[in-house]
Number of protein chains: 2
Amino acid sequence: MALLDLLGRRMSLRVMWELAHAGQPLTFRELQAVAETNPSLLNTRLKELRAAAIVVHHTGGYGLSEEGKSLVRLIMPLNEWAAAWGANLKAKDDTPADS
Amino acid sequence: MALLDLLGRRMSLRVMWELAHAGQPLTFRELQAVAETNPSLLNTRLKELRAAAIVVHHTGGYGLSEEGKSLVRLIMPLNEWAAAWGANLKAKDDTPADS
DNA sequence: CAGTATCCTGGACGATACTG
DNA sequence: CAGTATCGTCCAGGATACTG
């Protein structure tokens with residue numbers, strides 16, 4: 001699944017997340033600031049995300065495409081699962097006395 | 001999201017996929033064969049997946065834990081989305097006459 | 001058969017200077 | 001401000017030999 005390959009890369013999810021929460025197009029520099037990264041990586045990722053039609057470049061800034069939004073929606077449950085999973089793991093860790 | 005970090009690594013999904021489809025525990029060598037990888041990587045990933053309680057080591061082989069199964073179930077939609085997404089991308093590629 | 005140790009290589013990423 | 005070019009670093013992953 002090449003999708004997870006893309007999503008697994010640095011700043012992929014971060015960028016999507018920031019764009020989803022901004023609610024409005026963000027400029028390159030704004031995105032760079034909120035995502036706390038360097039132009040080089042941001043640009044690389046942005047190219048990939050645009051090639052994947054997940055991110056689009058409106059007049060005035062970057063935003064999520066409809067596909068991008070649907071993808072974000074799809075990832076949410078995974079997010080929750082991950083939270084529960086993390087809590088669970090930790091709980092088990094904190095309970096060495098279990099036998 | 002550290003989960004995607006793990007899932008993004010080579011052989012994470014592949015291993016989960018193979019285990020899900022095997023329907024029965026697989027030995028280290030069997031897993032290595034079906035996943036087409038080397039013992040080094042397989043072992044590394046297996047350790048991580050076991051630490052994450054996604055994969056368990058039954059007597060006689062490796063299998064998915066209940067958490068692992070639920071995760072696989074959660075990933076399916078993403079899988080479908082990716083398929084549609086890929087097809088769509090390709091279609092647009094094949095349709096340069098669009099204006 | 002199961003898993004580990006070792007060594008090597010490619011590519012992702014980071015910092016930053018620079019052009020349009 | 002937007003994006004590109006360059007260069008160095010670091011680590012995931014590949015091949016394989018080896019031990020229990």
> Quick one: A:Q32 CD to C:dC13 P, roughly how many Å, whole number?
Replying inline: 16 Å
> To the nearest angstrom, how far is B:N38 atom CG from C:dC1 atom P?
Replying inline: 17 Å
> Which pair of non-hydrogen atoms, one from A:H58 and one from A:G63, has the smallest distance, and what is that distance?
Replying inline: NE2-CA, 3.9 Å
> Is there a donor-acceptor pair closer than 3.5 Å between any side-chain N or O of A:T27 and the backbone N or O of A:G61?
Replying inline: no
>> Any N or O donor-acceptor pair under 3.5 Å from the base of D:dA12 to the side chain of B:T44?
In response: no
> Any side-chain N or O of A:K47 under 4.0 Å from OP1/OP2 of D:dG3?
Replying inline: no
> Does OP1 or OP2 of C:dG3 have a side-chain N or O of B:R29 closer than 4.0 Å?
Replying inline: no
> CZ of A:R9 versus C1' of C:dG11: gap in Å, rounded?
Replying inline: 10 Å
> Under 4.0 Å between a side-chain N or O of B:R45 and OP1 or OP2 of D:dG13?
Replying inline: yes
> Rounded to whole angstrom units, what separation is found between the CG atom of B:L42 and the P atom of C:dC1?
Replying inline: 14 Å
> Would one find a side-chain N or O of A:T27 under 4.0 angstrom from OP1 or OP2 of D:dA2?
Replying inline: yes
> Hey, is the side chain of A:Y62 poking within less than 4.0 Å of OP1 or OP2 on D:dC1, counting only N and O atoms?
Replying inline: no
>> Whole angstroms only, please: what is the CG-C1' distance between A:L41 and D:dT9?
In response: 15 Å
>> So for atom CZ, which belongs to B:R9, do other residues, nucleotides or ligands contribute more than 12 heavy atoms lying within a distance under 6.0 Å?
In response: yes
> Which base, if any, makes a Watson-Crick or G-U wobble pair with C:dG20, both distances under 3.5 Å?
Replying inline: D:dC1
> Taking CG from A:L6 and C1' from C:dA12, how many angstroms apart are they, rounded to a whole number?
Replying inline: 14 Å
>> I need the CG-P distance between B:N43 and C:dA5, as an integer number of Å.
In response: 9 Å
> Is there side-chain contact between B:R14 and B:E36, with at least one heavy-atom pair below 4.5 Å?
Replying inline: yes
> Where each residue is assigned the nucleotide of DNA chain C containing its nearest heavy atom, which of B:P39 and A:S40 is assigned the position nearer the 5′ end?
Replying inline: B:P39
> Roughly how many Å is it from CE in B:M11 to P in D:dA15, rounded to a whole number?
Replying inline: 10 Å
> Pick one: which of A:V15, A:L49, A:L19 meets side-chain contact (heavy atoms from CB on, under 4.5 Å) with A:I54?
Replying inline: A:L49
